[in-house]
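Working notes, beginning with the structure itself.
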Amino acid sequence: MFIRLAQQHQEFVQDLVMNLQALTIILERHGYTASCYTCGEQMNSASFMVSLKEKHLIRFLVSDYGITWMELWDDRELMKLEGAEAINQLQELANIVKDSTAIQLIK
């Protein structure tokens with residue numbers, strides 16, 4: 001049972017890393033400064049960052065050890081979330097991008 005759970009967790013992390021890479025590309029196409037760095041070819045960890053406005057930075061870290069969302073303003077930490085809450089914030093960011101894309105298509 002534990003081996004199966006470990007494999008599922010590794011697959012989850014890899015899926016999350018791939019989605020972060022895709023989100024980075026989409027954000028860059030919308031004019032945001034974004035980056036996603038991974039370690040190694042197994043895609044078992046990533047550091048994702050996006051600058052939303054001047055001095056407003058989002059940093060999302062994922063690895064086998066955990067998941068963290070940090071929101072910074074002028075190099076000061078505004079918010080730090082972990083686990084499911086961090087993923088929910090990432091979804092909110094993706095929704096904002098999706099909504100802005102829909103608005104642009106309507107115009």
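Side chains included, hydrogens not; waters and symmetry mates left out as well; all remaining heavy atoms used. Everything numeric in this text was worked out from a predicted model, so none of it was measured.
With contacts defined as side-chain heavy-atom distances shorter than 4.5 Å, the pair Phe60/Leu16 qualifies. A heavy-atom distance below 4.5 Å is found between the side chains of Leu20 and Leu90. Residues Glu82 and Ile67 form no side-chain contact, since every pair of their non-hydrogen atoms from C-beta on lies 4.5 Å or further apart. Residues Thr24 and Tyr32 are not in side-chain contact: their nearest non-hydrogen atoms beyond the backbone lie 4.5 Å or more apart. For the pair Leu81 and Asn88, the minimum side-chain heavy-atom distance is 4.5 Å or more. With contacts defined as side-chain heavy-atom distances shorter than 4.5 Å, the pair Trp69/Met79 qualifies. Val97 places a side-chain heavy atom less than 4.5 Å from the side chain of Leu27.
If you chain together hydrophobic residues whose side chains sit under 4.5 Å apart, Met70 and Ile96 never meet in one group. Tracing side-chain contacts under 4.5 Å through hydrophobic residues (I, L, V, M, F, W, Y), one reaches Met18 starting from Val50; they form part of the same cluster. Both Ile87 and Leu23 belong to a single network of hydrophobic side chains, linked directly or stepwise wherever heavy atoms of I, L, V, M, F, W or Y lie under 4.5 Å apart.
Here the shortest heavy-atom pairing between Ala46 and Val17 reads CB-CG2, 3.8 Å. When all heavy atoms are compared, the tightest approach of Glu28 to Ala34 is OE2-O, 2.8 Å. The heavy-atom pair separating Met43 from Gln21 by the smallest distance is CE-OE1, 3.5 Å.
The side chain to side chain contact (heavy atoms under 4.5 Å, CB included) test applied to Thr33 returns Ser51, not counting sequence neighbours.
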Given Leu52 and Leu93, is the side-chain contact (heavy atoms from CB on, under 4.5 Å) satisfied, shown in steps?
-> CA-CA 10 Å; Leu52 298 177; Leu93 176 62; 4.0 Å; yes

Where do Tyr65 and Val13 land on the side-chain contact (heavy atoms from CB on, under 4.5 Å) test, with the steps shown first?
-> CA-CA 10 Å; Tyr65 301 108; Val13 169; over 6 Å; no

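Under a 4.5 Å side-chain heavy-atom criterion applied to ILVMFWY residues, the cluster that includes Met1 comprises Phe2, Leu5 as well.
Between His9 atom NE2 and Arg4 atom CZ the span is 14.5 Å, to the nearest 0.5 Å. If you take CD on Glu77 and CD on Glu71, they are separated by 10.0 Å, rounding to the nearest 0.5 Å. Taking CG of Leu78 as the reference point, atom CG of Leu57 lies at 10.5 Å (rounded to 0.5 Å). A distance of 8.5 Å separates CG in Leu72 from CZ in Arg59, rounded to the nearest 0.5 Å. Summarising the geometry, atom CH2 belonging to Trp73 is positioned 11.0 Å from atom CD1 belonging to Ile58; distances are rounded to the nearest 0.5 Å. Rounded to the nearest 0.5 angstrom, Gln8 CD and Asp15 CG are separated by 11.5 Å.
The closest side-chain donor-acceptor pair between Asn95 and Gln91 falls under 3.5 angstrom.
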